[in-house]
Amino acid sequence: MVKTEKKYHIQLSKDDIKGARYAIMPGDPARVEKIASYLEQPRFLNVNREYTSWLGSLKGEQVLVVSHGIGGPSTAIAVEELAELGVDTFIRVGTSGGMQKKVLPGDIINVNGAIRAEGTSREYVGIEYPAISDFEVTRALYDGAEDLKVRHHTGVVHCKDSFYGQHSPKRMPVAGELLSKWECWIRAGALVSEMETAALFTVCASLGVRAGAVMLCIWNQVREEMGYTDQPVYDTDLAIRVAIEGLGRLIFNDQKKGGEQV
């Protein structure tokens, strides 16, 4: 009876996920089927609210693809419920906006840390604790990007709660604070800005599970302010391929270790 009980938000049970340890997580529910198409024998599982889920296999292992919606709260809910079902490895595939001159639209960012300028992670652990990825996951994603020969960067991303707080900061009552911190993050080397990875990394750390993230840079407002006329890139295919390639490597390494997470 317990095995078939579905989690409240994602509406999945242990019976549904067939022992899957691995989950690829986009924000957009519309991206789930596209990611699942890279797996063997993909099939639809369920949809509830922002959580659309598919199941397939890769290198003989069951792999979930589950959307987490926009922002930290919905991401944390998905991770919590999937971890309760036995998932121990999470890879986010997302989109982002560039913050450094060197980051071009279409570039891939392999995230090894996130600025916790959001609220969800603060309800797990104090702000002094860093939001960092799992090294094994990050290395596998890096090697995947190298093998695919795509333009990619590894580094820190800025994670916030308000999309329009970033894009229209001057009209906000706290404009001074937002603009000052934005300049700070750029000067400190943050590569791109997005909305979910800090929560993902912090929640996974508190649960003792692994996490990594791959971002597509859609557009770079910093380069635009410098006078560059780059065209935005919306196709997430490269980021998805890096995630699949990296996960394949990770599964292979886990299988060599006997399937146990270290």
Side-chain angles (χ1 to χ4, degrees), residues 9 23 25-27 50 67-84 87-100 103 109-139 141-142 153-215 217 220-222 261:
H9 298 90
M25 304 187 73
E50 60 265 67
S67 56
H68 56 61
I70 296 175
S74 61
T75 301
I77 287 171
V79 171
E80 289 271 9
E81 295 188 358
L82 287 169
E84 287 180 5
V87 176
D88 64 34
T89 303
F90 298 82
I91 295 177
R92 166 163 152 68
V93 179
T95 56
S96 59
M99 297 175 66
Q100 299 295 328
V103 179
I109 295 85
N110 184 17
V111 185
N112 63 11
I115 297 165
R116 294 173 56 196
E118 40 70 62
T120 301
S121 70
R122 298 171 189 237
E123 297 196 22
Y124 282 83
V125 63
I127 195 62
E128 296 85 359
Y129 190 89
I132 57 174
S133 63
D134 176 86
F135 176 78
E136 288 184 323
V137 179
T138 304
R139 183 54 190 259
L141 294 170
Y142 176 89
H153 314 267
T154 299
V156 173
V157 303
H158 167 242
C159 189
K160 76 280 185 179
D161 276 338
S162 173
F163 180 87
Y164 290 103
Q166 176 200 332
H167 291 275
S168 303
K170 292 181 180 179
R171 69 175 171 83
M172 304 300 177
V174 292
E177 179 181 349
L178 292 175
L179 292 167
S180 174
K181 287 186 174 180
W182 180 250
E183 179 63 23
C184 172
W185 309 139
I186 291 172
R187 292 178 65 182
L191 295 175
V192 295
S193 183
E194 51 88 55
M195 298 182 69
E196 292 83 24
T197 302
L200 172 70
F201 288 175
T202 307
V203 174
C204 284
S206 74
L207 295 174
V209 297
R210 304 184 295 186
V214 177
M215 300 286 118
C217 175
N220 189 326
Q221 69 185 77
V222 173
Q261 181 185 331

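Values in this document were obtained by computation on a predicted structure and should not be read as measured data. Computed over heavy atoms, backbone and side chain alike; hydrogens, waters and symmetry mates excluded.
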Q: Taking the side chain as C-beta and beyond, is there a heavy-atom pair between Ile91 and Leu141 under 4.5 Å?
A: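 Sidechains of Leu141 and Ile91: in contact.
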Q: Quick one: OG on Ser96 to NE2 on His158, what's the gap to the nearest 0.5 Å?
A: 12.5 Å
Q: Determine, stepwise, if the pair Ser193 / Val157 fulfils side chain to side chain contact (heavy atoms under 4.5 Å, CB included).
A: CA-CA 6 Å; Ser193 183; Val157 303; over 6 Å; no
Q: Return yes if a side-chain donor-acceptor contact under 3.5 Å exists between Glu123 and Thr120, otherwise no.
A: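 There is no such pair between these side chains.
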Q: If you measure from CD1 on Ile186 to CG on Leu191, what distance do you get to the nearest 0.5 Å?
A: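 Going from the CD1 atom of Ile186 to the CG atom of Leu191 covers 11.5 Å.
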Q: Does a donor on one side chain sit under 3.5 Å from an acceptor on the other, for Ser121 and Glu118?
A: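 Side chains of Ser121 and Glu118: pair found under 3.5 Å.
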Q: Output, in order, the C-alpha distance, side-chain angles, deciding distance and verdict of side-chain hydrogen bond (donor to acceptor under 3.5 Å, both in side chains) for Glu194 and Thr197.
A: CA-CA 7 Å; Glu194 51 88 55; Thr197 302; 2.9 Å; yes
Q: After noting the C-alpha distance and the side-chain angles of Ile127 and Arg122, does the key distance pass the side chain to side chain contact (heavy atoms under 4.5 Å, CB included) rule?
A: CA-CA 6 Å; Ile127 195 62; Arg122 298 171 189 237; 3.7 Å; yes
Q: Keeping to residues at least two apart or across chains, list the side chain to side chain donor-acceptor pair (under 3.5 Å) pairs with something in residues 168-177.
A: Glu177-Lys181
Q: Going by side-chain contact (heavy atoms from CB on, under 4.5 Å), name the residues that satisfy it together with Ala205, two or more places apart in sequence or in a different chain.
A: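 Only Tyr129 meet the side-chain contact (heavy atoms from CB on, under 4.5 Å) criterion with Ala205.
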Q: Side chains of Met99 and Asn220, heavy atoms from C-beta outward: is any pair under 4.5 Å?
A: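 Met99 does not reach Asn220 side chain to side chain.
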Q: For Val87 and Glu81: C-alpha separation, side-chain torsions, deciding distance, then whether side chain to side chain contact (heavy atoms under 4.5 Å, CB included) applies.
A: CA-CA 9 Å; Val87 176; Glu81 295 188 358; over 6 Å; no
Q: I'd like to know if the side chain of Asn110 and the backbone of Thr138 have a donor-acceptor N/O pair within less than 3.5 Å.
A: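 Flag set: sc Asn110 to bb Thr138 pair under 3.5 Å.
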Q: Mind running side chain to side chain contact (heavy atoms under 4.5 Å, CB included) on Val79 and Cys204 for me, showing each step along the way?
A: CA-CA 7 Å; Val79 171; Cys204 284; 3.8 Å; yes
Q: Looking at side-chain heavy atoms only, is the closest gap between Val111 and Ile109 below 4.5 Å?
A: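 The answer is yes; the side chains approach within 4.5 Å.
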Q: So, Glu196 and Thr75: side-chain donor and acceptor under 3.5 Å apart, yes or no?
A: no
Q: Kindly compute the distance separating CZ (Phe201) from CZ (Phe90), expressed to the nearest 0.5 Å.
A: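 Spacing of CZ (Phe201) from CZ (Phe90) equals 12.5 Å.
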Q: Kindly compute the distance separating CG (Leu178) from CE (Met172), expressed to the nearest 0.5 Å.
A: 7.5 Å
Q: Measure across Gly98 and Val103 and return the closest heavy-atom pair with its distance rounded to 0.1 Å.
A: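 Closest approach of Gly98 to Val103: CA-CG1, 4.4 Å.
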Q: Measure the CD-OG distance between Glu50 and Ser74 for me, rounded to the nearest 0.5 Å.
A: 4.5 Å
Q: First locate atom CD of Gln166, then atom CD of Gln221, and finally report the distance between them rounded to the nearest 0.5 Å.
A: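 Atom-to-atom, Gln166:CD and Gln221:CD are 5.0 Å apart.
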